[in-house]
Amino acid sequence: MRYYPVLLDLVGRPAVVIGGGAIAEGKVAALVAAGARVTVIAPGLTGGLAARHRAGRFAHVARAYQHGDLAGAFLAIGATDDPEVNHAVHAEAVSVGALVNVVDDVPYCQFILPSILRRGDFTVAVSSAGHAPALAVRVRERLERELGDEYGRFLELAAELRAPLAMAVPDFQRRKAIWYRLVDSDVLVLLRAGQEMRARARVAEITGVELAGASGRESSAEIAGRSRPDGPGTVYLVGAGPGDPRLITARGLGLLAQADVVVYDRLVSAALLEQARSDAELIYVGKAPGAHCVQQDGINDLLVREARFGKMVVRLKGGDPFVFGRGAEEALACVEAGVPVEVVPGVSSVLGATASAGIPVTARGLAGGFAVITAHRAGPEDCHDWAALARMDTLVVLMGVERLPQVVERLLANGRTPDTPVAIVENGTLATERVIEATLANVVERAQAAGAHPPAVVVVGETVRLRGALTPRAATDLTADLSAADDRHVA
Ligand code: SAH
């Protein structure tokens with residue numbers, strides 16, 4: 001290991017910066033922020049430094065560096081554009097025992113400065129040992145996206161908690177276990193969702209230590225039970241994936257595991273719901289085709305209402321929320337109500353069911369594009385451009401079982417040839433997946449004979465032919481008994 005990483009406590013310590021340019025400005029700002037007693041030695045200052053100096057943030061010696069300037073210094077930074085001056089600064093620092101950094105001149109540095117990410121007191125320092133600072137910057141940026149302000153706020157809570165928890169739980173091992181429970185809990189998620197009061201209530205629940213709420217006196221039970229603790233909670237529109245519970249995204253699963261309320265559809269698997277907190281409220285708003293259980297307005301109102309109670313709401317939707325899921329309406333209802341909403345995409349059945357059945361939606365030489373439609377619009381209120389759809393290499397039809405005859409008829413009427421391969425993928429990605437293969441000429445008859453039922457995607461196009469090659473054991477006969485198809489998935 002070349003460098004020994006430390007975090008320096010500079011409060012009240014003399015630090016000397018030689019140079020008054022743009023680079024010095026950044027160093028001075030950081031040193032002042034860390035509480036150091038800063039002296040800048042430079043004939044002139046940048047505008048920013050001059051303003052800081054007028055505000056009394058540091059002392060300024062308005063001349064060039066002279067030997068002796070580092071007397072008593074704890075830390076020195078050489079930030080002039082003259083290497084000779086910088087090297088002289090380095091030599092003096094070494095002789096007086098001050099830590100020294102010469103900007104951009106690693107051989108003259110006793111310490112180097114990492115790339116820093118700060119969230120309040122939460123600090124991440126990334127260093128490339130000076131070999132590739134750009135890499136350190138990129139890694140920091142990556143962490144910036146991942147680690148929000150909630151980390152700083154968590155540390156504020158932790159700072160409040162530390163002493164009372166040590167009193168309440170004197171045993172170190174037990175206390176340590178509690179700290180880990182706390183950092184692994186939903187407290188960070190609640191803070192991220194802006195639910196400070198709920199976060200405090202959770203801290204109290206986990207640690208047994210009551211922290212003062214914003215009001216100072218409320219008990220955690222009162223806080224948890226109160227409606228609208230501090231503004232609305234967030235509604236997360238989460239794509240659950242096409243069926244197989246393992247196909248939800250990592251982000252979706254993480255949110256699901258933290259939610260206070262989970263509002264879910266018929267196509268969402270029970271295995272996923274088991275991932276919700278045991279005390280989460282699970283609300284079913286599923287719609288079987290034709291049988292609307294809860295009207296869309298009712299769902300929108302429900303999401304808004306629960307969020308306004310300050311709850312973290314996960315709206316779990318089959319596939320992707322924005323693919324025929326009425327996700328846009330739900331998101332808009334939240335926005336209009338002033339409720340924060342985030343959409344977490346999911347693997348749509350468009351891609352999930354087809355992939356699972358061994359049908360690529362594009363393939364070099366066979367299909368250069370694909371279109372996705374709902375067959376609902378193939379009814380009387382039809383407004384699809386069937387001429388264009390008939391020319392599409394691959395056509396994926398959702399909600400297509402009921403209106404299959406109309407879809408087929410329109411494609412044929414618009415010039416798609418009768419021998420075009422078609423597949424119906426029922427219960428895609430699930431253990432009960434079944435694939436019915438046919439052509440445009442006979443798919444209606446075969447679907448009927450096989451008793452095709454929703455949920456299913458209908459795929460029209462040449463890539464359906466790849467299925468045999470991609471799923472060697474796939475039942476090729478569309479009336480193939482279900483058990484054979486099942487075996488493939490159970491195996
Ligand atoms: N948002 C969903 C689609 C909702 S519309 C998505 O992105 O997948 C419901 C339709 O999706 C069903 O009628 C069916 O066409 C399709 N679908 C959903 N789950 C499916 C599955 N496991 N297998 C095949 N099709 C499915």
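Since the structure is predicted, the reported quantities are computational estimates derived from the model, not experimental observations.
Legend: residues meeting side chain to side chain contact (heavy atoms under 4.5 Å, CB included) with Pro345, ordered by chain and number and at least two apart, are Asp320. Considering only residues two or more places apart in sequence or on other chains, Pro133 meets the side chain to side chain contact (heavy atoms under 4.5 Å, CB included) condition with Ser128. In this view, Ile116 and Pro114, Arg118, Thr123, Ala125 satisfy the side chain to side chain contact (heavy atoms under 4.5 Å, CB included) rule, not counting sequence neighbours. Listed by chain and residue number, nothing satisfies the salt bridge (Lys or Arg N to Asp or Glu O under 4.0 Å) test with Glu445 (two or more places apart in sequence, or in another chain). With sequence neighbours excluded, the residues forming a side-chain hydrogen bond (donor to acceptor under 3.5 Å, both in side chains) with Thr417 are Asp419, Thr420, listed by chain and number. Residues that satisfy the side-chain hydrogen bond (donor to acceptor under 3.5 Å, both in side chains) test with Glu141, not counting sequence neighbours, are Arg138. With sequence neighbours left out, Arg246 forms a side-chain hydrogen bond (donor to acceptor under 3.5 Å, both in side chains) with Asp244. With sequence neighbours excluded, the residues satisfying side-chain hydrogen bond (donor to acceptor under 3.5 Å, both in side chains) with Arg465 are Glu462.
Screening residues 169-182 for side chain to side chain donor-acceptor pair (under 3.5 Å), with sequence neighbours left out, gives no hits. Within the structure, the salt bridge (charged side-chain N to carboxylate O under 4.0 Å, His left out) test picks out no pair touching residues 232-241 (sequence neighbours left out).
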Under 3.5 Å donor-acceptor pairs involving side-chain atoms of residues 252-261, not counting sequence neighbours:
| unit_1 | atom_1 | unit_2 | atom_2 | d |
| --- | --- | --- | --- | --- |
| Asp260 | OD1 | Arg198 | NH1 | 3.4 |
| Asp260 | OD1 | Arg277 | NH1 | 3.2 |
| Asp260 | OD1 | Arg277 | NH2 | 3.2 |
| Asp260 | OD2 | Met312 | N | 2.7 |

Throw together a table of side-chain donor-acceptor distances under 3.5 angstrom for residues 387-394, partners on residues two or more places apart or in other chains.
| unit_1 | atom_1 | unit_2 | atom_2 | d |
| --- | --- | --- | --- | --- |
| Asp393 | OD2 | Gly368 | N | 2.6 |
| Thr394 | OG1 | Val361 | O | 2.9 |

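Here Arg153 does not pair with Glu156 in a salt bridge; the nearest charged N to carboxylate O distance is not below 4.0 Å. Using a 4.0 Å cut-off between a side-chain N of Lys or Arg and a carboxylate O of Asp or Glu, Glu150 and Arg119 do not qualify as a salt bridge. Under the 4.0 Å criterion applied to side-chain N and carboxylate O atoms, Glu210 and Arg200 are not assigned as salt-bridge partners.
Here the CZ-CG distance, from Phe122 to Asp149, works out to 12.0 Å after rounding to the nearest 0.5 Å.
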